[in-house]
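What follows is a single structure, written as structure tokens, with notes after it.
Within every chain, numbering begins at 1; the chains are lettered A, B, ... in the order of the sequence lines, protein sequences first and strands thereafter.
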Amino acid sequence: MPSEVTISLPPNFSFRHTVGSHGWYDLPPFEYSPSRPEMTYVFMPAAGRPPVSVSVKLVRRRLVVTYSADPAENGRVAKGIRHILRLDEPLDEFYRLISSDPQLGWASTAGAGRLLRSENVWEDLVKTICTTNCSWALTKKMVSNLVQKLGEPAADGRKAFPTPRAMADVEADFYRNEIRAGYRSPYLAELAQAVSSGQLDPETWLTSELPTAELRKQLKKVKGVGDYAADNLLKLLGRYDGGLALDSWVRSQFYKKHNRGKACEDKKVIRFYEKFGRWRALAVWCDITEHWFNQDVSRSA
DNA sequence: GCGTCCAGGTCTACC
DNA sequence: GGTAGACCTGGACGC
């Protein structure tokens, strides 16, 4: 008999805009199909307990989370889902700022703007490194390999993202030959060692009181994390006042939408979103992903 | 089927 | 601080 926990939602929350906010839903241990609005995820083993595989569905403006584990896991599961879907993130100021904006008003109407994230910063950090300098297909391959080859299975057989310890237990050659991480292999091995040994604790970035520019410097100290990766991580940490996380795809979308298809310097992109102040990185993302949700921009859960 | 070229960010060495 | 070249993979392309 599966356990179940129900989670109430903030008024401006959209399930599909949050889960589908960026590509994370397409990477294990997430599973999601827009045509079947149910998200599954596997929480890592914790405190000697095995991974927990959860299924999340929207039922009458509430999230119903079912999982095959002891009901004593209710607290952890509910807290984890709130974190992943950013249910406690205050976006009222952002929505007020964009509500009358011709480009972004749709996002406040739709309840978009919450960017899906993993249960912890460690997982987001490794996945972000796997997005750099390669196609999305290769990112999927690397992350799938990590989960399949180093992740621990939950009761239903689905595997969690590997822990720092599990990743520290293998050599750089394993990442090169088995994960197909290429030149990122020594970066992943070094990162896993640092986190596993306690030398680096990415979770502290969530509550860091450092100014965003300083925190960005900290992130860039991790090998494999450059400008784009640091800015992407800052967004997942809830900091939207860093850089704009401009990669080739974001740039090409901007050129199409705002520059008659012609390439331009990043300075022009930055100027375009300046008016959104400390929300600029979130504004960029909402703007260039608008077409993903064009079929229905109502707050349809 | 094979070889070549290219795109994709980051690192390091160098200026 | 800015720049060039290397890193590695997989897809596209030509033969």
Side-chain angles (χ1 to χ4, degrees), chain A residues 22-28 115 117-118 121-150 161-162 164 167 170-195 199-200 202 205 211-237 239-240 242-257 259 261-271 273 280-282 284-285 288-289 292:
Chain A
H22 65 121
W24 258 211
Y25 73 82
D26 201 24
L27 299 176
L115 304 181
R117 59 185 172 186
S118 308
V121 182
W122 155 254
E123 186 176 324
D124 282 337
L125 172 58
V126 174
K127 283 177 173 171
T128 297
I129 291 173
C130 291
T131 66
T132 59
N133 200 22
C134 63
S135 63
W136 184 248
L138 183 54
T139 297
K140 283 178 72 170
K141 188 170 184 176
M142 284 188 269
V143 174
S144 297
N145 284 338
L146 283 171
V147 171
Q148 282 311 310
K149 293 171 191 272
L150 295 175
F161 193 81
M167 283 185 61
V170 293
E171 306 284 334
D173 277 351
F174 180 88
Y175 292 105
R176 196 178 299 276
N177 301 328
E178 302 290 325
I179 306 300
R180 310 302 293 166
Y183 70 92
R184 303 165 197 79
S185 299
Y187 304 160
L188 294 177
E190 184 181 319
L191 174 63
Q193 285 290 345
V195 177
Q199 182 192 334
L200 174 71
W205 296 339
T212 300
E214 291 302 311
L215 182 58
R216 190 173 188 269
K217 285 182 190 167
Q218 294 281 315
L219 306 188
K220 286 185 67 175
K221 285 183 182 170
V222 176
K223 287 256 187 75
V225 176
D227 288 335
Y228 155 76
D231 292 338
N232 191 54
L233 280 164
L234 284 172
K235 287 192 295 183
L236 297 179
L237 294 168
R239 307 255 195 153
Y240 308 110
L244 302 186
L246 300 177
D247 62 6
S248 57
W249 184 79
V250 172
R251 289 187 182 97
S252 72
Q253 294 302 309
F254 179 87
Y255 302 155
K256 268 190 247 174
K257 191 166 183 182
N259 209 43
K262 291 182 182 168
C264 63
E265 290 192 348
D266 287 353
K267 281 186 283 188
K268 183 169 183 178
V269 184
I270 292 165
R271 272 202 308 275
Y273 294 102
R280 55 189 178 268
L282 186 55
V284 176
W285 190 253
I288 59 148
T289 58
W292 290 357

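Salt bridge annotation for A:Lys268-A:Glu265: absent, with no cationic side-chain nitrogen under 4.0 angstrom from a carboxylate oxygen.
From A:Glu123, atom CD reaches atom CH2 of A:Trp24 across 9.0 Å, with rounding to the nearest 0.5 Å. Here the CD-OG1 distance, from A:Gln253 to A:Thr289, works out to 9.5 Å after rounding to the nearest 0.5 Å. Here the CD atom belonging to A:Glu171 is positioned 8.0 Å from the CD atom belonging to A:Gln193, to the nearest 0.5 angstrom. The distance from the OG atom of A:Ser185 to the CD atom of A:Glu190 is 12.5 Å, given to the nearest 0.5 Å.
Residues A:Val126 and A:Phe161 are in side-chain contact: their nearest non-hydrogen atoms beyond the backbone lie under 4.5 Å apart.
The closest donor-acceptor contact from the side chain of A:Arg280 to the backbone of A:Gly242 lies under 3.5 Å.
Of all nucleotides in DNA chain B having an atom under 4.0 Å from a heavy atom of chain A, the first and last in 5' to 3' order are B:dG8 to B:dT12.
Separating the OH atom of A:Tyr187 from the P atom of C:dA6 is a distance of 15 Å, rounded to the nearest angstrom.
The one candidate from A:Arg239, A:Arg216, A:Lys220 that meets the side chain to side chain donor-acceptor pair (under 3.5 Å) condition with A:Asp231 is A:Arg216.
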Where do N or O atoms of nucleotides 8-10 of chain C meet protein N or O atoms at under 3.5 Å, pair by pair?
| from | atom 1 | to | atom 2 | distance (Å) |
| --- | --- | --- | --- | --- |
| C:dC8 | OP1 | A:Arg176 | NH1 | 2.7 |
| C:dG10 | OP1 | A:Lys141 | NZ | 2.7 |

